[in-house]
Undergrad: 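Can you keep this structure in mind? I'll have questions shortly.
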Amino acid sequence: MTVKEIFETMDYGPASESSKEALAWLAAKGDFGHFIGGAWTAPGTLFAVMNPATDALLAQVTQGTQADVDAAVKAARKAQPAWARDGHARARVLYALARLLQKQSRLFAVLETLDNGKPIRESRDIDVPQAIRHFYYHAGMAQLMDAELADRQALGVCGQVIPWNFPLLMLAWKVAPALAMGNTVVLKPAEWTPLTALLFADICGQAGVPPGVVNIVTGDGTVGEMIVTADVDKVAFTGSTTVGRRIRELTAGSGKALSLELGGKGAYIVFEDADIDSAVEGIVDAIWFNQGQVCCAGSRLLVQEGIAEAFYAKLRARMDGLRIGDPLDKCIDMGAIVHPRQRARIADLLAAHPEGESHQTRAPDGCYFPPTLITGLSAASPLMQQEIFGPVLVATTFRTPHEAVEIANSTRYGLAASVWSENINVALDVAPQLVAGIVWVNGTNMMDAAAGFGGVRESGFGREGGWEGLAGYTRPRATTPAAKPVAAFTGDGGAGGLDRTAKLYVGGKQARPDGGYSRAVHGPKGALLGHVGLANRKDLRNAVEACNAAKGWGKTTGHARAQILYYIAENLSARADEMAARLTAMTGTDGTAEVASSISRLFSAAAWADKYDGQIHTVPIRGVALAMKEPVGTIGILCPDQGPLLGLVSVMAPAIAMGNRVVLAASQAFPLAATDLYQILDTSDLPGGVVNILTGDHADLAEPMARHMDIDAVWSLGDPALTATVEKAAAGNLKRTWCGSLDWAQDNTKAVLAQATEVKNVWVPYGA
Ligand code: NAI
């Protein structure tokens, strides 16, 4: 374009960033091997890495093998103990990495744009600075770990698999916290975008990262799967929900820690009192940032009916002004789609669902896709439900805040949402009602190392960033031996009086088991103590329905929940002798101390009910992120046998203290303590449906519990043999699982509270 033409058209002239240095770096490196044990391996079987904007070959990269993955894990294992030893030393290395990234930021930005097709403006101003920030932030965490997380330790070796939409940033999100907490890593970048990870490997040596602490292995999904199934202590994955589900199944029962950051279909809710121009501008960031290939994209627009047409008109005009083209041009708004295959996926999805009214602008030929707005869709339309992962915004309207919340939550995902309103009451009333791990008020797509990122439902579990993100890279220092299965006593003793069959407890009422079967409970010397019903999947379903009907419990105040927990404690205290006698008869061990401890646990949970506060994260925007602790929802719990009353109370009390509803499968060997307890619950003002108690075989209940779509989490704290079943079946709706055991003789209330809550980060303007 000539200067004359620029004056005539008043159009933006091209302002191309040079790719010279990045191409020179690639040329100097030649074909890439893996980075293992601090050194480059010889290139193996190679695959091509292309620039999606030009279809030019950028580099040839090695497809990993099992032997490569094994070597990387071995190197990481060897390096880990020394790396975990000194927090300050780690802080210095992480700081050095941040500084080197900063120093080389232009090279990283250009390489990222060449490899991924994203606009240089974004890689230069967002991806790379955010990655740098992550290393600075976590250098601080390494420094603080000994003092602030004295009861936590590194997990060991972390296997990390990342996607192609933010190649360097996702690496930073995975590597920085892992290293800060004393872990070593084996990371696989996505096969379409491995280059900045390889440049990062290059600077690890310069930053003084000891050999083996960071290992980068390249290749496709099969190599990802090799890492997932390797001898690693944790798997951290970001990518599609389909692959996330498979990884959940593959790791089931392995004892590996797991965090999954998966897809999303973020609601972008605009109320009629919103600052409309800001909300329109926000959409540019929400859905056309990174060509819409963003898991937390605001991809579902919900506009209040009264302003819808005017809003769409402004939005279409803004879309028409977006510049799409050469990603290296500093003036363009949208670059290339990452790969022709991803472009085809987007186009195919739209072609398969020719619904609504589409407004599409123009895009250059090649691997580009035009900004698209589809209005007039119903909330149930596949385009409103499926993650398109491209620059396609789908829209519908709503009338009331209640309807906005209903539509926003009618998705299987739960990652992020935006709320636009100038009325603080509306915005802050809607934010807590949205089922999402992140909510932005009058903003969108904001991220920062200080605020946890991650979702609920099928968007996965675990958080990345913030204090809350560190839980996923550490474990408690104190170790608890795995619980041993306890066999029920048998015998042929007579009832010695009335033959009593304890019923189940569902929705605040005693309920006969659906199957009509029961089993005898004997004492250690064979005496018949009573019978309990054998619950089946229908009883479980009824219990979950009761939980659904008791949703209001989550909205009660912590103070109110504390009152009820104290009341339960008081009533248990009044019947302490009777309960102790029952425990003694069932287990053969004097139950007095167990009852006393159970009362104490109820007090602990009551104490925390109004004190387990969230945090306020200071993020570098004119605002704050409120890290709110929310109940998980409905939790299915297979209760421990050790301490049949104490174990149950130790998990039930913190769970309900946080506002959850629970389905408890009572201790299989000693169930009568639980069936006695519900008589106490009945007289303690606990609303029906908050606690439901089933008796029967855990093996019969574990799988339906883990499969049930309305159960949000399953805790398997009884027989360790059920862990694999629970974790595998939980892959269906990607519910959280907690399988293991704690020493129930100790007060572990805080550990249970952490399991009983999700952190939602609500970003609000503050001081703007
Ligand atoms: P993907 O989930 O297949 O790929 C992500 C990463 O996982 C890559 O490194 C890949 O090599 C690896 N991988 C693939 N199969 C694996 C397996 N069985 N075990 C271990 N690792 C494996 O994502 P893909 O196919 O590139 O994109 C498909 C869709 O996924 C997109 O259209 C989008 O909807 C979604 N997606 C979501 C992302 C997010 O950030 N939430 C990121 C990338 C894709």
Side-chain angles (χ1 to χ4, degrees), residues 47 49 52 61 63-64 66 69 115-118 127 159-167 169-171 173-174 186-197 216-230 232 235-251 256 258-266 287 289-297 299 337-350 369 382-383 385-392 411-416 437-438 445 447 453-455 457-462 464 731 734:
F47 63 92
V49 178
V61 168
Q63 167 72 9
Q66 188 65 55
V69 170
D115 200 8
N116 168 281
K118 62 174 70 202
D127 294 58
Q160 307 183 315
V161 178
I162 58 172
W164 39 259
N165 51 348
F166 294 93
L169 186 55
M170 289 303 107
L171 174 146
W173 281 21
K174 294 277 181 284
V186 176
L187 177 134
K188 189 194 82 64
E191 54 272 42
W192 291 342
T193 56
L195 299 180
T196 45
I216 312 260
V217 178
T218 49
D220 60 13
T222 57
V223 184
E225 202 152 314
M226 289 173 201
I227 293 177
V228 167
T229 51
V232 294
V235 174
F237 173 75
T238 298
S240 61
T241 297
T242 313
V243 174
R245 195 169 279 128
R246 172 151 180 80
I247 291 177
R248 169 69 290 186
E249 286 175 357
L250 282 173
T251 53
K256 289 173 191 168
L258 178 63
S259 61
L260 298 174
E261 204 275 275
L262 310 173
K265 191 78 182 175
I287 187 68
F289 167 53
N290 203 24
Q291 295 69 247
Q293 303 164 131
V294 182
C295 50
C296 58
S299 50
I337 300 294
V338 66
H339 193 277
R341 217 177 310 147
Q342 181 65 13
R343 194 198 171 284
R345 269 186 207 147
I346 301 166
D348 291 350
L349 193 57
L350 294 200
F369 199 91
L383 295 180
Q385 292 294 326
Q386 289 180 33
E387 189 180 39
I388 301 174
F389 227 63
V392 181
T411 154
R412 60 198 179 104
Y413 296 112
L415 187 51
I438 306 153
N445 260 343
M447 305 160 201
F453 185 97
R457 291 186 176 166
E458 294 184 32
S459 292
F461 42 77
E464 297 190 295
L734 286 161

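FYI, side chains are in, hydrogens and waters are out, and symmetry mates aren't considered; it's all heavy atoms of this structure. As the structure lists them, so they are numbered: ligands from 1, and atoms in each ligand from 1.
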Undergrad: Using a strict 4.0 Å cut-off to heavy atoms of E387, name the atoms of ligand 1 that fall inside it.
TA: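 By the 4.0 Å cutoff, the relevant atoms are 33 (C), 34 (O), 35 (C).
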Undergrad: Under 3.5 Å, N or O to N or O, is L262 touching ligand 1 that way?
TA: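 Among all N and O atoms of L262, at least one is under 3.5 Å from an N or O of ligand 1.
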Undergrad: Just going by heavy-atom distances, which of L349, L415, I162 is nearest to atom 8 (C) of ligand 1?
TA: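 When every heavy atom of L349, L415, I162 is considered, I162 comes closest to atom 8 (C) of ligand 1.
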Undergrad: Does at least one non-hydrogen atom of F166 fall below 4.0 angstrom from an atom of ligand 1?
TA: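 F166 does not count as a contact of ligand 1 under the 4.0 Å cut-off.
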Undergrad: Considering distance alone, does some N or O of R246 sit under 3.5 Å from an N or O of ligand 1?
TA: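 In fact, backbone or side chain, R246 has no N or O that close.
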Undergrad: Within the protein, is there a heavy atom lying under 4.0 Å from atom 4 (O) of ligand 1?
TA: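 There is no protein heavy atom less than 4.0 Å from atom 4 (O) of ligand 1.
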Undergrad: Have a look at M226, Q386, Q342 and point out the one with the heavy atom closest to atom 32 (O) of ligand 1.
TA: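 Shortest heavy-atom distance from atom 32 (O) of ligand 1: Q342.
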Undergrad: For ligand 1, is M170 a contact, meaning one of its heavy atoms is under 4.0 Å away?
TA: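 Under 4.0 Å: no for M170.
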Undergrad: Going by distance only, is there an N or O of K188 that falls short of 3.5 Å from an N or O of ligand 1?
TA: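 Right, the criterion is met.
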Undergrad: Heavy-atom distances under 4.0 Å decide this one: backbone, side chain, both or neither, for V294 against ligand 1?
TA: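 No part of V294 is near ligand 1 at this cut-off.
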Undergrad: Kindly confirm or rule out an N or O of S240 lying under 3.5 angstrom from an N or O of ligand 1.
TA: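 Right, the criterion is met.
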Undergrad: Compute the shortest N/O to N/O distance between T238 and ligand 1 and return yes if it is under 3.5 Å, no if not.
TA: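 In fact, backbone or side chain, T238 has no N or O that close.
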